[in-house]
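Below is one structure; the comments refer to it alone.
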Amino acid sequence: MKPLSQLPLAAARGIRVVLTDIDDTVTTEGLLTAKAYGALEALHRAGFTVIPVTGRPAGWCDHIARMWPVDAVVGENGAFYFRYDRERKTMQQRFWASPEELRQNRIRLDAIEKEVLATVPGSALASDQAYRLADLAIDFCEDVPALPETEVDRIVSIFEKAGAQAKVSSIHVNGWFGEYNKLSMAKTLLADVFGIDWEEAKNAVVYAGDSPNDEPMFEAFPLSVGVANIHAFAHRLKHKPAYITEGHSGDGFAELADLLLQAKST
């Protein structure tokens with residue numbers, strides 16, 4: 001991982017789309033600071049396409065698409081994208097699974113939930129689970145005392161034993177049924193809504209993240225950035241971001257935004 005300051009100016013000038021994780025990338029210790037929110041708004045006003053790509057639930061994503069200075073949002077680790085058309089006052093939604101598939105998957109996820117909570121002491125259902133449509137989120141440090149890494153791995157193994165995918169974020173283990181992830185839905189959104197194909201995206205898109213569930217994005221995008229707190233998860237990553245910020249969490253995201261805005265103005 002090279003320092004963000006080493007990102008070539010020509011590459012920075014070519015970036016038109018900012019994809020970013022939210023938790024511990026834009027937020028800092030669970031809070032959305034004025035500095036980080038201001039960075040989102042500054043990018044949006046400068047003409048960048050800004051898209052959070054998050055593990056957070058559908059209920060939150062509806063709010064984010066409507067009320068944040070963003071162009072769309074990918075949620076629940078790629079289960080869907082939402083895009084709010086402010087002129088028409090309509091929400092565009094695309095889900096990876098059909099309504100019936102979501103219903104059947106929920107039955108299977110409910111069984112996994114029971115097993116995890118019964119066999120992994122200290123784990124808990126994520127406080128935002130009630131607002132989720134496609135996945136199951138197990139809290140290992142957001143609203144509970146932090147679990148040892150061995151217990152986090154144990155949660156992952158329970159999901160995988162049941163045939164589900166499982167990804168570790170900075171706060172949750174998220175699991176779901178279906179062959180999708182953050183990358184697959186981000187590529188679908190870029191093509192569907194913004195007319196950006198994959199070859200174009202390699203040079204026009206930057207991705208910012210902080211944890212293992214961002215790994216598909218780090219691997220796919222040549223212009224990928226980790227905020228400094230990704231060091232805590234570096235040993236879990238086969239594919240690391242190309243660049244890393246000096247600042248942690250929201251400060252790191254603001255650092256990236258400043259670089260892009262400066263490059264655009266020169």
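Worth knowing before you read on, the calculation uses all heavy atoms, side chains too, and leaves out hydrogens, waters and symmetry mates.
- Look at Asp110 and Lys114 and you find no salt bridge, because none of the NZ, NE, NH1 or NH2 atoms lies under 4.0 Å from a carboxylate O.
- The line from OG1 of Thr49 to CG of Leu19 is 9.5 Å long, rounded to the nearest 0.5 Å.
- Using a 4.0 Å cut-off between charged side-chain N and carboxylate O, Glu149 and Arg236 make a salt bridge.
- Although no hydrogens or angles enter the test, the distance criterion places no donor-acceptor pair under 3.5 Å between the side chain of Asp251 and the main chain of Ala254.
- For the side-chain hydrogen bond (donor to acceptor under 3.5 Å, both in side chains) test with Gln104, the passing option among Glu100, Arg108, Glu101 is Glu100; the others fail.
- Taken from CZ in Phe253 to OH in Tyr37, the straight-line distance is 12.0 Å, to the nearest 0.5 Å.
- Between the Glu41 side chain and the Pro69 main chain, no donor and acceptor come within less than 3.5 Å of each other.
- Judged by distance alone, the side chain of Thr27 and the main-chain N or O of Leu32 form no donor-acceptor pair under 3.5 Å.
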Phe80 and Phe82: CA distance, side-chain angles, deciding distance, ring pair (Phe, Tyr, Trp, His ring centres under 6.0 Å) verdict: CA-CA 7 Å; Phe80 56 79; Phe82 292 171; 4.5 Å; yes
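- Between the side chain of Gln165 and the main chain of Gly178, a donor-acceptor pair closer than 3.5 Å is present.
- Side-chain N or O atoms of Thr28 include none that pairs as donor or acceptor with a backbone N or O of Leu31 at under 3.5 Å.
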Under the criterion salt bridge (Lys or Arg N to Asp or Glu O under 4.0 Å), I'd like the reasoning laid out for Asp71 against Arg83: C-alpha separation, chi angles, the key distance, then a yes or no. CA-CA 7 Å; Asp71 296 275; Arg83 176 177 179 267; over 6 Å; no
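- Close placement of the Phe221 and Trp198 rings is indicated, their centers lying within 6.0 Å of each other.
- Looking at Asp192 and Tyr81, their side chains do bring a donor and an acceptor atom within 3.5 Å of each other.
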Walk me through it: do Asp143 and Ser127 pass the test side chain to side chain donor-acceptor pair (under 3.5 Å)? CA-CA 8 Å; Asp143 295 325; Ser127 59; 3.0 Å; yes
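- Annotation: the span from Tyr243 atom OH to Ser224 atom OG amounts to 8.5 Å, rounded to 0.5 Å.
- Side-chain atoms of Glu76 come within 3.5 Å of backbone N or O of Asp135 as a donor-acceptor pair.
- Side-chain contact check for Asn213 and Asn77: at least one donor-acceptor pair (N or O, by modelled atom type) lies under 3.5 Å.
- Note on Ile196 and Val193: same hydrophobic cluster, where clusters join Ile, Leu, Val, Met, Phe, Trp and Tyr whose side-chain heavy atoms are under 4.5 Å apart, directly or indirectly.
- In summary, Asp21 and Lys182 engage in a salt bridge, as defined by a charged side-chain N under 4.0 Å from a carboxylate O.
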Show, in sequence, the C-alpha distance, side-chain angles and deciding distance for Glu29 and His248, and conclude whether the side chain to side chain donor-acceptor pair (under 3.5 Å) test is met. CA-CA 10 Å; Glu29 296 183 2; His248 285 245; over 6 Å; no
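- By the 6.0 Å contact criterion, CZ on Arg88 is open, its count of non-hydrogen atoms from other residues, nucleotides or ligands being 12 or less.
- A donor atom on one side chain and an acceptor atom on the other are found under 3.5 Å apart for Thr25 and Asp210.
- Between Glu200 and Arg16 there is a salt bridge, with a side-chain nitrogen of the basic residue lying less than 4.0 Å from a carboxylate oxygen of the acidic one.
- Residue Leu237 holds its CG atom at 5.0 Å from CD1 of Ile230, rounded to the nearest 0.5 Å.
- In this structure, Asp197 does not pair ionically with Lys202, as no charged nitrogen and carboxylate oxygen lie closer than 4.0 Å.
- With rounding to the nearest 0.5 angstrom, the CG atom of Asp153 is 9.5 Å from the CD atom of Glu160.
- The closest donor-acceptor contact from the side chain of Glu215 to the backbone of His239 lies under 3.5 Å.
- From Arg132, atom CZ reaches atom CH2 of Trp176 across 10.5 Å, with rounding to the nearest 0.5 Å.
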Show your reasoning for whether side chain to side chain donor-acceptor pair (under 3.5 Å) applies to Asn229 and Asp24. CA-CA 8 Å; Asn229 39 299; Asp24 295 310; 5.1 Å; no
Any chance you could lay out the side chain to side chain contact (heavy atoms under 4.5 Å, CB included) test for Val17 and Tyr207, step after step, and finish with the verdict? CA-CA 9 Å; Val17 180; Tyr207 181 77; over 6 Å; no
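- At least one test fails for Lys167 against the ring of Phe159: distance under 6.0 Å to the centre or angle within 45° of the axis.
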Checking Leu4 against Ile244 for the side chain to side chain contact (heavy atoms under 4.5 Å, CB included) test, could you report, in this order, the C-alpha distance in whole Å, the side-chain angles of both residues, the deciding distance, and whether it holds? CA-CA 5 Å; Leu4 180 61; Ile244 189 165; over 6 Å; no
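- Put simply, the side chain of Thr54 never gets that close to the backbone of Ile22: no donor and acceptor are under 3.5 Å apart.
- Glu115 CD: more than 12 foreign heavy atoms inside a 6.0 Å radius.
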Check the pair Arg56 / His172 against side chain to side chain contact (heavy atoms under 4.5 Å, CB included), numbers first and verdict last. CA-CA 10 Å; Arg56 287 296 188 174; His172 298 157; 3.6 Å; yes
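- Using a 4.0 Å cut-off between charged nitrogen and carboxylate oxygen, Asp85 and Lys89 do not count as a salt-bridge pair.
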Verify side chain to side chain contact (heavy atoms under 4.5 Å, CB included) between Leu109 and Arg106, making sure each step is shown before the conclusion. CA-CA 5 Å; Leu109 289 170; Arg106 179 56 55 195; 3.7 Å; yes
